[in-house]
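Below is one structure, written out as structure tokens; comments come after it.
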Amino acid sequence: MLAVVVEKQCAEVARMELLNLNLFDKSRYIISKAGRVEIPVLSPPEKLSVNFTLVQQDKSIFKAHGLSFSEMKEYLKDVVGERAELIRGGWEMIGDVLIISLPEELYAEREKIGKAMLDFHPRAKTVILRKRISEPLRKPEAQIIAGRKKTVIIHRENGVIFKLNPLKVMFSAGNFSERKRMAYISSPEERILDMFSGIGQFCLPLAKYSSPEKVIAVEKRPETFQFLKENIKLNKLENVEARLGDNLEVSPVNFADRVLMGYFFSPENYLEIALRSLRNGRGMLHFHAIIKKPELKVYGDRVVELVRKEGYEAKVNYNRIIKSYAPMVWHAVYDIEVRSKR
Ligand SMILES: C[S@@+](CC[C@H](N)C(=O)[O-])C[C@H]1O[C@@H](n2cnc3c(N)ncnc32)[C@H](O)[C@@H]1O
């Protein structure tokens, strides 16, 4: 990737000039090295008012959200004209795989669109078209539309390694902030049950940074479970036990101080097992749900009511919207503190 190199004291002047010339590449960070500064550029400037040299960077640092969805749609107008406006829902970047959804009227042109997206996004090596994610096991229905055919990738996030195949298993880039929150939520004396662990999206950051005594991670789908097991090894985590099976059958009893319920399809069906898994009948549930935004509080009250009916005291300690899921529909999480009355 191309960059302009200038002395540190000239960096701000050069950056402003490149910005005015529309040559500054906003998708990458400026890098400071031994008194000199590398400013990422889209193409070489003819001249600047300060001395500069041009380099091909050995290492570029990309911003996670350097490029906007509307910029991408503008770019795609060269390929599909105004119909680019029909594309909704943004994109996800997992490792170097870019995932998009397209409206059906653009399926016939998917390969052209895929190639344009490879040109547009400097980090993308493969473009995947995701049609839908099937329930109950969150299996993506997806296909490669451009680029490299290899899709088993390593995605690094906050120092955690996630190996996965985005064609086969689900990984939501939009849950980034919740993965970060979970990393520091626990402590060394706690035991954790992750009832819907997937490839370890929540429990691996938690196991790594909170160092709980033990984590039991349950996953029902064998293909996803294989990645979970590999990821435990890749992250060298000795405090995580992976269990293959339905959490309604294989969850431990009287074990956990904290239960992760990262699955939002009829999550109330799993409350009884979550409560049964708590050590001495008390602990914290991280309960995920799909809600309409104005219902954030009311929905939490309803879950608390369900928990009380099972013979527990319960209160919502914290709630928040994690991401938009569909128009007017939101993915939310509730931290519910519970204690058995018996
Ligand atoms: C949506 S993914 C979520 C992964 C992670 N919790 C997150 O939110 O990023 C849900 C995972 O739960 C698994 N799952 C669904 N029902 C399950 C059940 N009854 N027992 C165990 N795993 C289940 C699915 O196979 C899937 O991998």
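Note that the structure is predicted; figures quoted are calculated from it, not measured. Whatever order the structure lists ligands and atoms in, that order sets their numbers, starting from 1.
Annotation for Glu272: atom CD does not count as buried by contact number, only 12 or fewer foreign heavy atoms lying within 6.0 Å. Few gaps surround CD on Glu105; more than 12 heavy atoms of other groups in view lie less than 6.0 Å from it. No more than 12 heavy-atom neighbours from other residues, nucleotides or ligands sit within 6.0 angstrom of CD on Glu111. Counting non-hydrogen atoms of other residues, nucleotides and ligands closer than 6.0 Å to CD of Glu189 gives a total above 12.
The shortest separation from a heavy atom of Asn175 to ligand 1 is under 4.0 Å, placing the residue in contact. In this structure, Met195 counts as a contact residue of ligand 1, since one of its heavy atoms falls inside 4.0 Å of the ligand.
Using a 4.0 Å cut-off between heavy atoms, Asn247 contacts ligand 1 through both its backbone and its side chain. Proximity of Lys220 to ligand 1, defined as any heavy-atom pair under 4.0 Å, is shared by backbone and side chain alike.
Interface atoms of ligand 1 facing Asp246, defined by a heavy-atom separation under 4.0 Å, are 18 (C), 19 (N), 20 (N). When each atom of ligand 1 is checked for a heavy atom of Gly245 under 4.0 Å away, the hits are 20 (N), 21 (C).
Using a 4.0 Å cut-off between charged nitrogen and carboxylate oxygen, Arg320 and Glu178 count as a salt-bridge pair.
Considering backbone and side-chain atoms together, Arg179 places no N or O closer than 3.5 Å to any N or O of ligand 1. Among the atoms of Tyr263, none of the N or O lies under 3.5 angstrom from an N or O of ligand 1. An N or O contact shorter than 3.5 Å links Gly262 to ligand 1 by distance.
Side-chain contact of Asn175 with Lys323: a donor-acceptor pair under 3.5 Å is present, judged by distance alone.
In this structure, of Phe264, Phe227, Tyr270, Phe196, the residue bringing a heavy atom nearest to atom 14 (N) of ligand 1 is Phe196.
Tyr75 and Leu86 fall into different hydrophobic clusters, defined by Ile, Leu, Val, Met, Phe, Trp and Tyr side-chain heavy atoms under 4.5 Å apart, directly or through other members.
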